[in-house]
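Here's the structure, in structure tokens; my notes come after.
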Amino acid sequence: MQSKGEIEEAKLPLLEQYSSPAVRSKYEEDDQDLDLSQRIWIESKKLWHIVGPAIFSRIASYSMLVITQAFAGHLGDLELAAISIANNVIVGFDFGLLLGMASALETLCGQAFGAKKYYMLGVYMQRSWIVLFMCCVLLLPLYLFASPILKLLGQPSDIAELSGTVALSLVPLHFCFAFQFPLQRFFQSQLKTGIIAWVSLVALVVHVLVSWLFVYGLKLGVVGTAITLNFSWWVLVFGMFGYTVCGGCPGTWTGFSIEAFSGLWDFVKLSAASGVMLCLENWYYRILILMVGNVNNAEVAINALSICLTINGWEMMIPLAFFAATGVRVANELGAGNGKGAKFATIVSVMTSGVIGLFFWLLIMILHNELALIFSSSKPVLEAVNKLSILLAFTILLNSIQPVLSGVAVGSGWQSYVAYINLGSYYLIGLPLGFVMEWVFHQGVMGIWAGMIFGGTVIQTVILLIITIRCDWEKEAEKASMQIRMWADLN
């Protein structure tokens, strides 16, 4: 019987077919012999090899939520408010946690792939499935008791009741996250991003067709609109899993392994740190919606803010693609022992994402009057969105930098430090400032949002930027080598 090392060696030629000729040998040149523009071009090609398909797949996935919200918005204001609360608060709550927990794979799989420890990627993914599924079971009451929870948090009774009904229909989507997020990071870490894009395209087409059938054909209302998400997101899971088990990932997937159950506690700790790091920021915006539910004319306020956050979330798929790509690039370079390469990858990624963020900031400032038309024809909602557009523009600009710096943290394994930074900047500074702007200075929705953005996001970005600038990258490369050996010993 072959040992794991022998299996890896046997699979190495196959792995090199996609890691060397297609990617690695194409880019591995002596940087000392190149000028700055050539180095930027080479690193940009590496980065966009991941970012391009990641942007498409994430926008396609998020577009499913946007399409669902748009269908609901044309059913009525109450239906739009209900689907907004269900998607942005209930689903958004565990989406942020599970997405963050899955990002532990960007550290482990990215560094293992950089070190050519290919066999470990499949084991890591299976451990992540186990951990995230257990987390889904623990979070299930959030869906089952959504209505009383929302009422307890001060939401209007009619919105809370309909939101709870919608949330119950989204339980299959909830469990889908436990498998889809690890699969996505498994592919990204080994630079097989094209398959994610193709599967996402198929899922988006399925979602549009099923949405039309359920809403206009079968006339199932807002619940039917929500159910469509279950179909499309599970297409993502089955598509990527089918590609994996049918031979698409030789070496990194060698079948189900009992070793996935070993070292689970250490994996839980790293996943929990990753989850807290990302969900503290994600939950921040969910709290923002709940706070707005307590202001005057809550239905219009919730709809306007939800539309702005949906547009922000749509554009946010681009920085999140950079988040994932930066995490993979930094982890790959650190896993290969190249600290300087990790530093240069960080610089190129931050600059590229910042330029894109500046473009969308300008676009929002120009088109502020037309932003809400796709979601609602209600004049009060359209006027409220127009007033919030300037905050939306600056949120998009700030969020073009912060996720990239968080990606550096994931690639380097700094999740626990960033979790503390997020807790302090968002919840000890941003959230109280938002309360003060609304209930002391009576600035309404704009005051809540502005206080939370400029009190939280700005401070978090500045701190992460300082940490990144002061980082000793050669020392991080040494730590990555030690971490890889430690996790290999658990196998």
Side-chain angles (χ1 to χ4, degrees), residues 19 23-24 27-51 103-117 120 185 188-191 270 273-274 277-278 319 322-354 400-422 460-488:
S19 67
V23 180
R24 227 176 255 278
Y27 301 126
E28 283 182 357
E29 300 182 37
D30 188 359
D31 288 346
Q32 303 301 320
D33 298 332
L34 302 173
D35 60 32
L36 181 60
S37 61
Q38 289 175 310
R39 293 178 62 202
I40 292 174
W41 174 246
I42 291 171
E43 178 56 41
S44 295
K45 287 194 289 184
K46 294 179 182 180
L47 183 68
W48 280 97
H49 181 78
I50 306 170
V51 169
S103 71
L105 290 180
E106 290 172 7
T107 304
L108 298 172
C109 289
Q111 292 182 1
F113 189 78
K116 300 185 180 180
K117 301 292 183 181
M120 296 164 66
R185 275 137 193 82
Q188 284 174 174
S189 295
Q190 54 190 301
L191 311 180
L270 182 61
S274 300
M277 183 198 81
L278 194 60
F322 276 91
F323 164 84
T326 305
V328 171
R329 286 292 306 124
V330 170
N332 284 171
E333 295 294 345
L334 292 178
N338 186 5
K340 290 182 180 179
K343 179 180 180 179
F344 192 71
T346 298
I347 294 171
V348 172
S349 188
V350 169
M351 291 176 62
T352 306
S353 183
S400 66
I401 302 298
Q402 180 272 323
V404 182
L405 298 175
S406 294
V408 176
V410 168
S412 305
W414 304 338
Q415 288 93 327
S416 57
Y417 299 112
V418 179
Y420 287 116
I421 293 169
N422 289 358
Q460 179 208 29
T461 303
V462 170
I463 295 174
L464 287 175
L465 193 59
I466 292 171
I467 292 174
T468 303
I469 291 172
R470 297 181 61 185
C471 175
D472 185 339
W473 290 103
E474 294 305 324
K475 186 176 179 180
E476 292 299 322
E478 293 175 6
K479 286 168 59 178
S481 298
M482 293 176 60
Q483 185 178 44
I484 291 168
R485 288 196 296 269
M486 181 191 74
W487 281 96

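Start at 1 with the first residue, then count along the sequence. Only this structure's heavy atoms are used, side chains among them; waters, hydrogens and symmetry mates stay out.
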I need the [X] [atom1] to [Y] [atom2] distance, nearest 0.5 Å.
{"X": "Cys471", "Y": "Glu476", "atom1": "SG", "atom2": "CD", "result": "4.5 Å"}
{"X": "Thr346", "Y": "Ile469", "atom1": "OG1", "atom2": "CD1", "result": "11.0 Å"}
{"X": "Gln402", "Y": "Ile463", "atom1": "CD", "atom2": "CD1", "result": "11.5 Å"}
{"X": "Cys109", "Y": "Gln188", "atom1": "SG", "atom2": "CD", "result": "10.5 Å"}
{"X": "Leu47", "Y": "Thr352", "atom1": "CG", "atom2": "OG1", "result": "6.0 Å"}
{"X": "Leu405", "Y": "Phe323", "atom1": "CG", "atom2": "CZ", "result": "11.0 Å"}

For side chain to side chain contact (heavy atoms under 4.5 Å, CB included), just list the numbers for Lys117 and Met120, CA-CA rounded to whole Å, side-chain angles, deciding distance to a tenth of an Å, and then say yes or no. CA-CA 6 Å; Lys117 301 292 183 181; Met120 296 164 66; 3.3 Å; yes
Could you go through the side chain to side chain contact (heavy atoms under 4.5 Å, CB included) check for Ile421 and Ile467 one step at a time? CA-CA 11 Å; Ile421 293 169; Ile467 292 174; 3.4 Å; yes
Identify the residue among Asp472, Ile466, Thr468 that makes a side chain to side chain contact (heavy atoms under 4.5 Å, CB included) with Arg470. Ile466
In the structure I gave you, are the side-chain heavy atoms of Ser189 and Leu105 within less than 4.5 Å of one another anywhere?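 Ser189 vs Leu105: side chains apart.
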Is there a side-chain contact between Val51 and Thr326 in this structure, where contact means two heavy atoms from C-beta onward sitting under 4.5 Å apart?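 Counting from C-beta outward, Val51 and Thr326 never come under 4.5 Å.
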Nearest heavy-atom neighbours spanning [X] and [Y]:
{"X": "Gly339", "Y": "Leu334", "result": "CA-CD2, 4.4 Å"}
{"X": "Gly354", "Y": "Ile401", "result": "CA-CD1, 3.6 Å"}
{"X": "Pro319", "Y": "Ser400", "result": "CG-CA, 4.1 Å"}

Salt bridge present between Glu333 and Arg329 (N-O < 4.0 angstrom):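 Judged by the 4.0 Å cut-off on N to carboxylate O distance, Glu333 and Arg329 do form a salt bridge.
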Should Val348 and Ser44 be marked as a side chain to side chain contact (heavy atoms under 4.5 Å, CB included) after you check the CA-CA gap, both sets of side-chain angles, and the distance that decides it? CA-CA 7 Å; Val348 172; Ser44 295; 3.7 Å; yes
Decide if the gap between the ring center of Phe344 and the ring center of Trp473 is smaller than 6.0 angstrom.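 No.
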